[in-house]
> 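Sending over a structure as structure tokens; questions will come in a sec.
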Amino acid sequence: MNIVITGGSGFVGSYLCENLINDGHKIVVIDNLLTGSTENIKQFMDNENFIFMEHDVQNHIEIEDEVDYVLHFASAASPKAYTEHPVNTLKAGSVGTINTLGLAKKHKAEYLLASTSEVYGDPLVSPQNEEYWGNVNPNGERSMYDEAKRFAEAAVATYARSYNLRTKIVRIFNTYGPRMQLNDGRVVTNFIVQALKDEDITIYGDGSQTRSFSFVEDTVDGILSLMRSNEYDVFNIGNPNEFKVLTLAEKIIKLTNSNSKIIFKPLPSDDPKQRKPDITKAINKLNWEPRINLDDGLKITIDWINKELIRE
Ligand SMILES: NC(=O)c1ccc[n+]([C@@H]2O[C@H](COP(=O)([O-])OP(=O)(O)OC[C@H]3O[C@@H](n4cnc5c(N)ncnc54)[C@H](O)[C@@H]3O)[C@@H](O)[C@H]2O)c1
């Protein structure tokens, strides 16, 4: 297939490129390098089945060759990144989704949207299954991301109904692993970098808020399972094992043999108190479930971050 991946030079996108190129597909990456890096895709740059287009998805997208599949992953994805680039984030999820849907419509291509657990906001039910409509502050400090993704889902559903487009939506939950940006404020990288440098580990709030962490290979496996399936629907992909943020910090201190101390800072507004995916639908319909436990995933990530810090 000829596959367009927006955001393909980012963390998750680069693993999709790797898997799909290895499966023999031709890939066009569209990315403005806002938070991604050509470092993540440098191994494919000379591959005849790979094209990189530096382009912002908020601008019209024109591709002459056939397109069979569009994966829309372009968006700042961490609270730090979307706070630094609020308007681009808003537009990547809104205008960018319309532009990529237009591309799929023109080429009669299938379409897969990277949505997020953030569409559930600060959830009033736990775990969250795909039927839950969420609890989101429409004009809060994270709304440029949450609401853009909610709009993106609405756009995908509307194009599917109006133009018979074959579309899928994956709601990705907290994913970590090698190739994450080290300075973008996500909790796993923050803690590991602080621990490896023996700096204080900063927890926002009292650390009792919970998160569920999915290792990137599991998440990507889930996304590819959805892509390859005949399911044109919405799926949660993530790891349902829930951990307190404090427990994560303690685990990382132990795994890195660090002398770091844990310090507590005020919780930012609209920070969700709990996040836990219900993945029953993915297990039953995609025959997928995560395989890598937190300790094993953390060890791989710690090794990678250690090497990155030495390189710096
Ligand atoms: N990693 C996670 O835990 C997670 C969780 C939920 C959802 N997601 C979604 O998965 C997707 C990828 O996330 P990631 O973690 O790989 O983040 P990332 O920041 O590493 O990757 C995003 C990529 O999109 C590109 N991009 C951003 N805005 C763009 C624009 N306007 N035009 C073109 N390219 C643009 C960036 O340069 C980057 O390469 C995002 O849509 C994100 O919302 C990720």
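Each ligand, and each atom within it, is numbered from 1 in the order the structure gives.
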> May I ask you to check if ligand 1 and N32 share an N or O to N or O distance below 3.5 Å?
yes

> In this structure, does ligand 1 have an atom that sits under 4.0 Å from one of the heavy atoms of G96?
no

> Any nitrogen or oxygen of I30 lying under 3.5 Å from a nitrogen or oxygen in ligand 1? Just yes or no.
no

> We want to know whether E141 and T83 form a side-chain donor-acceptor pair, criterion being a heavy-atom distance below 3.5 angstrom.
no

> Are Q209 and Y204 linked by a side-chain donor-acceptor pair shorter than 3.5 Å?
no

> Among V29, V28, I27, which residue satisfies the side-chain contact (heavy atoms from CB on, under 4.5 Å) criterion with F52?
V29

> Would you mind running through ligand 1 and noting each atom that sits below 4.0 Å from a heavy atom of N174?
3 (O)

> Does some side-chain heavy atom of L90 sit less than 4.5 Å from a side-chain heavy atom of F151?
no

> Among all the protein's non-hydrogen atoms, which is closest to atom 37 (O) of ligand 1, and how far away is it?
D31 OD1, 2.6 Å

> Could you walk me through whether Y69 and H25 satisfy the side chain to side chain contact (heavy atoms under 4.5 Å, CB included) test, starting with their C-alpha distance in whole Å, then the side-chain angles of each, then the deciding distance to 0.1 Å, before giving a yes or no?
CA-CA 10 Å; Y69 217 108; H25 300 294; over 6 Å; no

> Give the contacting part of A76 toward ligand 1: side chain, backbone, both or neither, where contact means a heavy-atom distance below 4.0 Å.
backbone

> Please indicate whether any nitrogen or oxygen in H72 is less than 3.5 Å from any nitrogen or oxygen in ligand 1.
no

> Would you say the side-chain atoms of N40 and S14 include a donor-acceptor pair closer than 3.5 Å?
no

> Any nitrogen or oxygen of S37 lying under 3.5 Å from a nitrogen or oxygen in ligand 1? Just yes or no.
no

> Quick one about N88 and D56 (side-chain donor to acceptor, distance below 3.5 Å, no hydrogens or angles considered), yes or no?
yes

> Regarding ligand 1, does L34 bring an N or O atom to under 3.5 Å of one of the ligand's N or O atoms?
yes

> What I want to know is whether G10 and ligand 1 share at least one N or O pair that is separated by under 3.5 angstrom.
yes

> N/O to N/O below 3.5 Å, does that happen between V57 and ligand 1?
yes

> When only distance counts, is Q58 in polar contact with ligand 1, meaning an N/O pair under 3.5 Å?
no

> Give the ring-plane orientation class for F213 versus Y176, where under 30° counts as parallel, over 60° as perpendicular and anything between as tilted.
perpendicular

> Once you round to the nearest 0.5 Å, how far does CZ of F173 lie from CZ of R211?
11.5 Å

> Show which atoms of ligand 1 fall inside a sub-4.0 Å distance from at least one heavy-atom site of S9.
39 (O)

> Closer than 4.0 Å to some heavy atom of N88 - which atoms of ligand 1 meet that?
28 (N), 29 (C), 30 (C), 31 (N)

> Would you mind running through ligand 1 and noting each atom that sits below 4.0 Å from a heavy atom of G36?
36 (C), 37 (O), 38 (C), 39 (O)

> Which atoms of ligand 1 sit under 4.0 Å from any heavy atom of L33?
37 (O)

> Between D31, I30, V70, L16, which is the residue that forms a side-chain contact (heavy atoms from CB on, under 4.5 Å) with I5?
L16

> If you round to the nearest 0.5 Å, how far is CD of E147 from OG of S94?
11.5 Å

> Show the atoms of ligand 1 that are less than 4.0 angstrom away from any heavy atom in S115.
7 (C)

> Passes side chain to side chain contact (heavy atoms under 4.5 Å, CB included), I237 versus L226? Steps please.
CA-CA 9 Å; I237 293 292; L226 171 59; 5.8 Å; no

> May I ask whether Y145 has any heavy atom positioned less than 4.0 angstrom from an atom of ligand 1?
yes

> Starting from atom 12 (C) of ligand 1, what is the nearest protein heavy atom, named by residue and atom, and what distance separates them?
F73 O, 3.6 Å

> In this structure, does ligand 1 have an atom that sits under 4.0 Å from one of the heavy atoms of H85?
no

> Which option, V95, L71, T35, owns the non-hydrogen atom nearest atom 18 (P) of ligand 1?
T35

> Any idea which atoms of ligand 1 are less than 4.0 Å away from a heavy-atom of H55?
32 (N), 33 (C)

> From atom 14 (P) of ligand 1, work out which of R186, R171, K91, K149 has a heavy atom at the shortest distance.
R186

> Identify which one of N183, T189, D184 satisfies the side-chain hydrogen bond (donor to acceptor under 3.5 Å, both in side chains) criterion when paired with R186.
D184

> Below 30° counts as parallel, above 60° as perpendicular, anything between as tilted: where do the rings of Y145 and Y82 land?
parallel

